[in-house]
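Residues take their numbers from the sequence shown, with the count starting at 1. Just follow the structure's listing: the first ligand is 1, and inside any ligand the first atom is 1.
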Amino acid sequence: MQSLTIQTLFITIFLFTFPTSFASPPTIENVFAQCLSDFKPSNPKSPIQNFIFTQQSPKFLTTLNNYVRNLRYFNTTTRKPTAIVTAADVTHIQATITCAKKLSLQLRIRSGGHDYDGLSYSSPIDFVILDMFNLRSIKIDSKLDTAWVQAGATLGEIYYGVANKSNDLRGFPAGVCPGLGAGGHFSGGGYGNMMRKYGLSIDNIIDAKIIDAKGRVLDRSSMGEDLFWALRGGGAASFCVVLAWKIKLVPTPEKVTVFNAETVGNRGSVNTTELVAKWQEIADKIDNDLFIRLTLGASKKTVKASFMGMFLGNSAKLLEIMNVNFPELGLKQTECVEMKWIESVLFWLSIPPGTAPTTMMLNRIPQKLIYLKRKSDYVQKPISRTGLESIFKVLLENENVTMAWNPYGGKMNEIPSSETAFPHRAGNMFKIQYAANWFVAGEEVANDCLSQTERVFEAMSPYVSKNPREAFLNYRDIDIGKNMNSTYEEGKVYGMKYFKNNFERLVKVKSRVDPDNFFRYEQSIPVLSSH
Ligand SMILES: Cc1cc2nc3c(=O)[nH]c(=O)nc-3n(C[C@H](O)[C@H](O)[C@H](O)COP(=O)(O)OP(=O)(O)OC[C@H]3O[C@@H](n4cnc5c(N)ncnc54)[C@H](O)[C@@H]3O)c2cc1C
Ligand SMILES: *[C@@H]1O[C@H](CO)[C@@H](O)[C@H](O)[C@H]1NC(C)=O
Ligand SMILES: *[C@@H]1O[C@H](CO)[C@@H](O)[C@H](O)[C@H]1NC(C)=O
Ligand SMILES: *[C@@H]1O[C@H](CO)[C@@H](O)[C@H](O)[C@H]1NC(C)=O
Ligand SMILES: *[C@@H]1O[C@H](CO)[C@@H](O)[C@H](O)[C@H]1NC(C)=O
Ligand SMILES: *[C@@H]1O[C@H](CO)[C@@H](O)[C@H](O)[C@H]1NC(C)=O
């Protein structure tokens with residue numbers, strides 16, 4: 001009897017200390033999980049135990065995988081997180097920050113998981129993931145002027161929610177892919193096809209709720225204007241966890257007009273060289289209601305150009321503007337499709353008109369998982385016809401790479417470079433995105449696609465910005481610099497490319513709000529003291 005009681009007592013103590021499994025030794029996973037469970041304050045309505053996934057949890061891999069968007073950073077050798085906390089409450093975020101700090105685990109924050117180099121779910125050292133997908137409420141004010149959107153909301157959910165609540169009278173300027181998370185996408189700038197009219201997402205963000213390194217919940221007035229400035233374009237993951245953004249909604253017309261004019265070789269009597277040369281002259285200067293993205297690539301030994309456009313108005317007005325400014329393209333009425341703004345989101349994904357917006361917009365499961373690489377550049381001077389033809393030659397030699405040329409101008413020219421942390425404003429004609437996608441595993445294919453991307457990027461160097469060669473933070477590119485030792489010098493290499501003259505100010509903000517450099521990753525903003 002006596003010994004049984006002792007045994008019961010022993011089991012009770014053991015279970016209390018290591019609740020995840022009777023037989024588990026005190027591994028870092030268990031200690032972390034215990035720390036989370038002990039955290040106060042806690043919310044009895046949503047106990048954190050229900051939101052912790054350690055490597056032993058049956059749903060660990062599914063949870064990890066659900067928001068992996070680049071297969072290059074997900075295979076059997078990729079380092080897995082010690083745990084994933086799928087926060088459903090502010091106290092879960094506070095607990096995760098406190099316990100990660102206590103156990104010296106790196107924190108990776110994930111909202112939509114679309115980071116091109118997987119930095120929200122992979123790490124070279126031991127780490128935990130704070131996954132924000134449960135925190136995705138969208139609250140639109142009754143006057144339809146503003147909305148509070150939580151970091152885990154996707155663009156599709158925001159677009160659909162706003163269009164639905166406003167009877168298609170409002171939209172929001174942000175990216176073209178509905179799966180992007182508000183957490184990462186907005187804090188990196190947020191670029192999309194209404195940018196020439198309304199600027200970036202960050203130009204339409206008026207408040208934020210965050211949790212800082214000390215676990216405090218702050219908003220714009222309590223965090224300080226310098227931090228609010230940094231969050232708009234500086235990448236929030238260097239500073240804090242974003243819980244929610246307050247966004248300013250923008251009016252959308254009853255009907256927008258979209259088109260996709262493709263050319264292989266000539267279009268009418270005009271060849272691709274001439275069309276691209278002309279596009280460079282007009283794309284950043286044309287009516288602010290019109291956005292024309294040029295995509296260049298090659299297949300079967302031929303260069304292909306596509307001019308994909310969105311006009312915030314009807315097709316008659318669009319054709320009038322095109323006939324004056326870009327008659328060479330010979331855009332026809334039959335190529336123009338009028339639709340609601342919410343439907344245009346699907347058009348940009350090449351989904352046939354008529355598909356119900358709800359299904360695609362609210363779907364969190366991607367159509368297809370791929371391996372990918374992205375890079376970026378900025379062009380400030382028109383590229384000569386000779387230059388264009390040599391670029392086409394390079395594309396013909398590297399058929400697995402495409403380039404998207406996204407026009408700036410309009411509202412982008414009106415906003416000073418120092419207004420937000422995002423620096424690439426007036427003076428930029430267009431931004432390039434280099435893209436290679438592949439669908440099969442294996443080093444050989446990967447290395448081929450990666451080296452093709454490097455070759456095209458290298459060949460473009462005479463035509464793009466220099467000293468620094470500028471890059472867009474949302475088009476994450478780990479190859480432009482890594483900060484493995486958290487030094488100022490290492491950080492400056494990519495920091496100047498992403499942020500230009502805003503880099504030093506970001507370092508100051510970082511040093512004020514996170515002097516111990518808790519919020520760090522391969523391309524985070526360094527602190528001043530490590531000078
Ligand atoms: C298919 C596809 C299409 C894209 N299209 C566009 C486009 O049209 N326009 C454009 O501008 N970009 C585009 N991007 C790039 C995209 O904007 C960035 O990858 C963006 O960071 C994604 O945000 P996320 O929350 O989905 O990503 P995540 O991978 O979750 O996060 C990206 C970064 O933000 C940090 N972060 C995430 N959530 C938080 C948070 N709550 N608090 C603090 N830090 C956080 C992460 O730690 C990481 O550093 C595209 C990417 C993909 C894969
Ligand atoms: C596996 O993923 C890692 C990154 O996590 C990458 O470096 C490696 O090349 C990948 N291996 C294969 C075979 O794809
Ligand atoms: C909004 O959503 C509701 C419910 O799904 C639907 O019945 C309604 O038709 C939608 N309205 C608009 C304008 O999209
Ligand atoms: C394209 O057309 C221009 C004249 O309109 C011509 O000079 C040029 O050689 C052509 N380029 C190609 C690749 O055919
Ligand atoms: C690369 O492009 C070539 C030529 O278009 C094609 O045959 C090949 O399948 C592509 N490779 C990948 C990995 O997509
Ligand atoms: C980072 O520090 C390690 C040792 O701590 C050193 O071996 C390595 O060279 C450093 N890397 C850089 C890029 O300075």
Side-chain angles (χ1 to χ4, degrees), residues 67-80 87 93 107-124 129-133 135 150-155 173-193 195 200-202 208-211 231 235-245 293 297-301 348-349 366-367 370-372 374 376 396 398-401 404 406 422 431 433 435-450 452 472-476 478 519 521-524:
Y67 292 92
V68 165
R69 294 293 178 265
N70 186 350
L71 288 177
R72 283 181 64 210
Y73 300 98
F74 191 79
N75 60 42
T76 47
T77 61
T78 308
R79 183 190 297 265
K80 304 292 184 289
I93 301 173
L107 181 69
R108 294 294 155 126
I109 313 157
R110 181 163 74 171
S111 287
H114 281 67
D115 192 289
Y116 283 131
D117 276 320
L119 299 192
S120 58
Y121 52 86
S122 67
S123 164
I129 294 177
L130 174 62
D131 215 329
M132 300 290 286
F133 67 87
L135 293 162
Q150 285 189 317
T154 63
L155 294 189
V176 298
C177 174
L180 302 179
H185 179 66
F186 293 172
S187 77
Y191 160 92
N193 55 23
M195 177 199 64
L200 305 168
S201 302
I202 48 170
K209 282 202 186 76
I210 64 157
I211 293 100
L231 295 183
S238 291
F239 304 96
C240 59
V241 175
V242 173
L243 177 62
W245 305 100
R293 169 188 286 175
S299 79
K300 302 194 183 98
K301 311 263 173 275
W348 280 80
L349 297 170
Q367 287 176 293
I370 59 171
Y371 301 81
L372 60 90
R374 297 290 186 272
S376 62
L396 288 168
N398 298 280
E399 288 199 345
N400 300 101
V401 183
N406 296 289
F422 174 94
K431 173 188 65 192
Q433 183 187 75
N437 295 337
W438 61 101
F439 310 95
V440 284
E443 305 263 328
E444 204 175 318
V445 182
N447 289 339
D448 182 27
C449 288
L450 293 174
Q452 288 189 47
F472 177 34
L473 181 64
N474 265 358
Y475 291 175
R476 170 88 61 205
I478 198 71
F519 288 107
Y521 60 99
E522 290 91 321
Q523 288 191 333
S524 56

Going through the distances and angles, do Trp438 and Asn400 end up as a side-chain contact (heavy atoms from CB on, under 4.5 Å)?
-> CA-CA 8 Å; Trp438 61 101; Asn400 300 101; over 6 Å; no
How far is atom 18 (C) of ligand 1 from its nearest protein heavy atom, and which residue and atom name does that atom have?
-> Asn474 O, 3.5 Å
Between Ser299 and ligand 5, is there a nitrogen or oxygen pair with a distance under 3.5 Å?
-> no
Begin from the C-alpha positions of Glu522 and Leu119 and carry the test side-chain contact (heavy atoms from CB on, under 4.5 Å) through to its verdict.
-> CA-CA 8 Å; Glu522 290 91 321; Leu119 299 192; 3.8 Å; yes
Ligand 2 to Thr77, heavy atom cutoff 4.0 Å, flagged ligand atoms 1 (C)
Under 3.5 Å, N or O to N or O, is Ser111 touching ligand 1 that way?
-> yes
Got a protein heavy atom sitting under 4.0 Å from atom 11 (N) of ligand 2?
-> yes
Within 4.0 Å of some non-hydrogen atom of Gly175, the atoms of ligand 1 are 7 (C), 8 (O), 9 (N)
For Ser120, is at least one N or O under 3.5 Å away from an N or O on ligand 1?
-> yes
Ala298 and Leu396: which non-hydrogen atoms are nearest, and at how many Å?
-> CB-CD2, 3.7 Å
Heavy-atom pair of closest approach, residues Ile211 and Cys240 = O-CB, 3.3 Å
Atom 41 (N) of ligand 1 has as its nearest protein heavy atom Val242 O, 3.0 Å
Starting from atom 48 (C) of ligand 1, locate the nearest protein heavy atom and write down its residue, its atom name and how far away it is, to 0.1 Å.
-> Asp115 OD2, 3.7 Å
Ligand 1 to Ala237, heavy atom cutoff 4.0 Å, flagged ligand atoms 35 (C), 43 (C), 44 (N), 47 (O), 49 (O)
Cys240, portion touching ligand 1 at heavy-atom distance under 4.0 Å | backbone
shortest atom 6 (C) of ligand 1-to-protein heavy-atom contact is with Leu180 CD1, 3.6 Å
For the side chain of Ser376 and the backbone of Gln433, is there at least one donor-acceptor N/O pair under 3.5 Å apart?
-> no
For the pair Asp115 and Arg476, find out whether any cationic side-chain nitrogen is under 4.0 Å from an anionic carboxylate oxygen.
-> yes
Search all heavy atoms of Ala237 against all heavy atoms of Tyr521 and return the closest pair with its distance.
-> CB-CE2, 3.6 Å
N/O separation below 3.5 Å, Gly113 to ligand 1 = yes
Audit row: Tyr191, Asn474, side chain to side chain donor-acceptor pair (under 3.5 Å) steps and yes/no | CA-CA 8 Å; Tyr191 160 92; Asn474 265 358; over 6 Å; no
Classify the ring geometry between Phe422 and Phe472 as parallel (under 30°), tilted (30 to 60°) or perpendicular (over 60°).
-> perpendicular
Side-chain (Ser187) to main-chain (Ala236) donor-acceptor, under 3.5 angstrom = yes
Tell me which one of Ala404, Gly184, Ala435 gets a heavy atom nearest to atom 34 (O) of ligand 1.
-> Gly184
Stepwise, does the side-chain contact (heavy atoms from CB on, under 4.5 Å) test hold for Phe239 with Phe519?
-> CA-CA 6 Å; Phe239 304 96; Phe519 288 107; 5.8 Å; no
Of the protein's non-hydrogen atoms, which lies at the shortest distance from atom 14 (O) of ligand 2, and what is that distance?
-> Asn75 ND2, 3.3 Å
At a 4.0 Å cut-off, with the gap strictly under it, does some heavy atom of Arg79 reach an atom of ligand 2?
-> no
Whether His185 side chain and Gly175 backbone form a donor-acceptor pair below 3.5 Å = yes
So which heavy atom in the protein is nearest atom 3 (C) of ligand 1, and how far is it from that ligand atom?
-> Cys177 CB, 3.5 Å
Considering the heavy atoms of Ala151, write down every atom of ligand 1 situated less than 4.0 Å from one of them.
-> 41 (N)
Within the structure, does Tyr191 bring an N/O atom to less than 3.5 angstrom of an N/O atom in ligand 1?
-> yes
So, Lys80 side chain and Thr78 main chain: donor-acceptor pair closer than 3.5 Å or not?
-> yes
What protein heavy atom is closest to atom 46 (C) of ligand 1, reported as residue, atom name and distance in Å?
-> Ile109 O, 3.0 Å
The atoms of ligand 1 lying under 4.0 Å from a heavy atom of Arg476, numbered in the order shown, are 49 (O)
Would you name the heavy atoms of Ala182 and Gln150 that are closest together and state the gap between them?
-> CB-O, 3.9 Å
Mark up the atoms of ligand 1 that fall under 4.0 Å of a heavy atom belonging to Arg110, in ascending order.
-> 30 (O)
CD1 of Ile129 to CG of Asp131: how many Å apart, nearest 0.5 Å?
-> 6.5 Å
So is there a nitrogen or oxygen of Val241 less than 3.5 Å from a nitrogen or oxygen in ligand 1?
-> no
Is the closest N or O pair between Ser187 and ligand 1 shorter than 3.5 Å?
-> no
Sub-4.0 Å atoms of ligand 5 with respect to non-hydrogen atoms of Val445 | 13 (C)
Report yes if His114 has an N/O atom closer than 3.5 Å to an N/O atom of ligand 1; otherwise report no.
-> yes
So is there a nitrogen or oxygen of Tyr521 less than 3.5 Å from a nitrogen or oxygen in ligand 1?
-> no
For Trp245 and Ala208 the tightest heavy-atom approach is CE3-CB, 3.9 Å
Under 4.0 Å to a heavy atom of Ala236 - the qualifying atoms of ligand 1, by number | 43 (C), 44 (N)
Does any N or O in the side chain of Arg72 come within less than 3.5 Å of the main-chain N or O of Asp117, such that one atom is a donor and the other an acceptor?
-> no
Identity and distance of the protein heavy atom lying nearest atom 6 (C) of ligand 2 | Arg72 O, 4.1 Å
What protein heavy atom is closest to atom 5 (O) of ligand 2, reported as residue, atom name and distance in Å?
-> Thr78 OG1, 3.0 Å
What do the steps show when you test Met132 against Val241 for side-chain contact (heavy atoms from CB on, under 4.5 Å), and what is the final call?
-> CA-CA 10 Å; Met132 300 290 286; Val241 175; 3.9 Å; yes
Side chain Glu399, main chain Lys300, donor-acceptor under 3.5 Å | yes
Show which atoms of ligand 5 fall inside a sub-4.0 Å distance from at least one heavy-atom site of Trp438.
-> 13 (C)
Among protein heavy atoms, which lies nearest atom 10 (C) of ligand 1, and at what distance?
-> His185 CE1, 3.3 Å
Shortest protein contact, atom 14 (N) of ligand 1 (heavy atom only) | Tyr116 OH, 3.5 Å
Hey, does Val176 come in under 3.5 Å of ligand 1, counting only N/O atoms on both sides?
-> yes
Nearest neighbour in protein (non-hydrogen) for atom 9 (O) of ligand 2 | Glu443 OE2, 3.6 Å
Would you say the side-chain atoms of Tyr116 and Asn70 include a donor-acceptor pair closer than 3.5 Å?
-> no
For atom 2 (O) of ligand 5, is the nearest protein heavy atom under 4.0 Å away?
-> yes
When every non-hydrogen atom of Arg110 is compared with those of Ser120, the smallest separation belongs to CB-O, 3.7 Å
State the atoms of ligand 1, each with its element, that fall below the 4.0 Å cut-off from a heavy-atom position in Phe472.
-> 11 (O)
